[in-house]
Trainee: 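Got a structure for you, questions after.
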Amino acid sequence: MPDERAEATGSCYACKRVFGYDPEEVVTFLVDPETGFPPGLTPLGSLRPATPEAVARSVDLPVCPDCVDKAERFGTNPWDGPGTSGPPSPN
């Protein structure tokens with residue numbers, strides 16, 4: 001019997017395009033359905049401490065391979081620069 005993958009269909013969190021995916025292997029993003037943003041992220045893009053309630057009600061939403069590819073090509077982490085080894089120290 002060939003190796004069969006469980007298929008699911010959903011819309012991408014980033015671009016909203018509907019795509020098929022394997023739930024075991026798809027990249028997901030934790031999102032608070034009440035706000036539509038990841039817990040701890042404000043509508044203005046600033047960070048705040050995520051409340052336990054927001055984390056508890058959050059769900060994993062799939063991200064399509066095209067958006068993952070774009071994020072990998074164009075996304076940067078400010079802590080990945082030369083000579084850095086992580087977030088800035090609080091001192």
Side-chain angles (χ1 to χ4, degrees):
M1 178 185 249
D3 184 27
E4 295 182 26
R5 303 234 178 222
E7 281 288 317
T9 303
S11 61
C12 173
Y13 171 71
C15 70
K16 309 302 183 221
R17 182 175 60 96
V18 175
F19 71 106
Y21 60 90
D22 179 356
E24 297 284 325
E25 296 186 11
V26 70
V27 174
T28 59
F29 212 72
L30 189 64
V31 177
D32 179 356
E34 197 170 284
T35 64
F37 297 106
L41 188 67
T42 69
L44 297 176
S46 58
L47 298 174
R48 64 175 174 223
T51 64
E53 296 83 13
V55 174
R57 69 176 168 252
S58 295
V59 295
D60 284 321
L61 297 180
V63 179
C64 72
D66 291 339
C67 288
V68 171
D69 181 51
K70 287 177 189 174
E72 289 173 349
R73 283 188 291 136
F74 301 113
T76 58
N77 183 338
W79 299 308
D80 287 343
T84 60
S85 61
S89 70
N91 297 337

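When reading the values below, keep in mind they use all heavy atoms of this one structure, side chains included, and skip hydrogens, waters and symmetry mates.
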Trainee: If you compare all heavy atoms of C64 against all heavy atoms of C15, which two are closest, and at what distance to 0.1 Å?
Mentor: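 Shortest heavy-atom contact: SG-SG, 3.8 Å.
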
Trainee: What are the two closest heavy atoms between P23 and A8, and how far apart are they?
Mentor: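 Nearest heavy atoms, P23 then A8: CG-CB, 3.8 Å.
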
Trainee: Distance from F29 atom CZ to C67 atom SG, nearest 0.5 Å?
Mentor: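 Answer for the CZ-SG pair, F29 versus C67, is 11.0 Å.
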
Trainee: What residues, two or more places apart in sequence or in another chain, satisfy side-chain hydrogen bond (donor to acceptor under 3.5 Å, both in side chains) together with S46?
Mentor: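 Partners of S46 under the side-chain hydrogen bond (donor to acceptor under 3.5 Å, both in side chains) test: T42.
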
Trainee: Quick one: salt bridge (Lys or Arg N to Asp or Glu O under 4.0 Å) pairs with a partner in residues 42-62, sequence neighbours left out?
Mentor: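 Qualifying pairs: D32-R57, E34-R57.
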
Trainee: Please name the pair of heavy atoms, one in R17 and one in D66, separated by the smallest distance, quoted to 0.1 Å.
Mentor: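 Closest approach of R17 to D66, heavy atoms only: NH2-OD2, 3.2 Å.
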
Trainee: Nearest heavy-atom pair of V63 and C12: which atoms, and what distance?
Mentor: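 Here V63 and C12 meet closest at CA-SG, 3.9 Å.
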
Trainee: I need the minimum non-hydrogen distance between Y13 and F37, along with the two atoms involved.
Mentor: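 Of all heavy-atom pairs spanning Y13 and F37, the closest is OH-CA, 3.9 Å.
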
Trainee: Taking a hydrophobic cluster as the set of Ile, Leu, Val, Met, Phe, Trp and Tyr residues connected by side-chain heavy atoms closer than 4.5 Å, whether directly or through intermediates, do L61 and V68 fall within one such cluster?
Mentor: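 Linked, L61 and V68 end up in one cluster.
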
Trainee: According to a 4.5 Å side-chain heavy-atom criterion applied to Ile, Leu, Val, Met, Phe, Trp and Tyr, with indirect links allowed, do L41 and V31 form part of one hydrophobic cluster?
Mentor: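 They do not share one cluster, since no chain of ILVMFWY contacts under 4.5 Å joins L41 to V31.
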
Trainee: Mind checking whether V59 and V55 sit in one hydrophobic cluster, side chains of I, L, V, M, F, W, Y counted as touching below 4.5 Å?
Mentor: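 No; V55 is not reachable from V59 via cluster members.
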
Trainee: Taking all atoms of both residues into account, what is the closest heavy-atom pair of Y21 and G10, and its distance?
Mentor: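 Heavy-atom minimum between the residues: CE2-N, 3.5 Å.
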
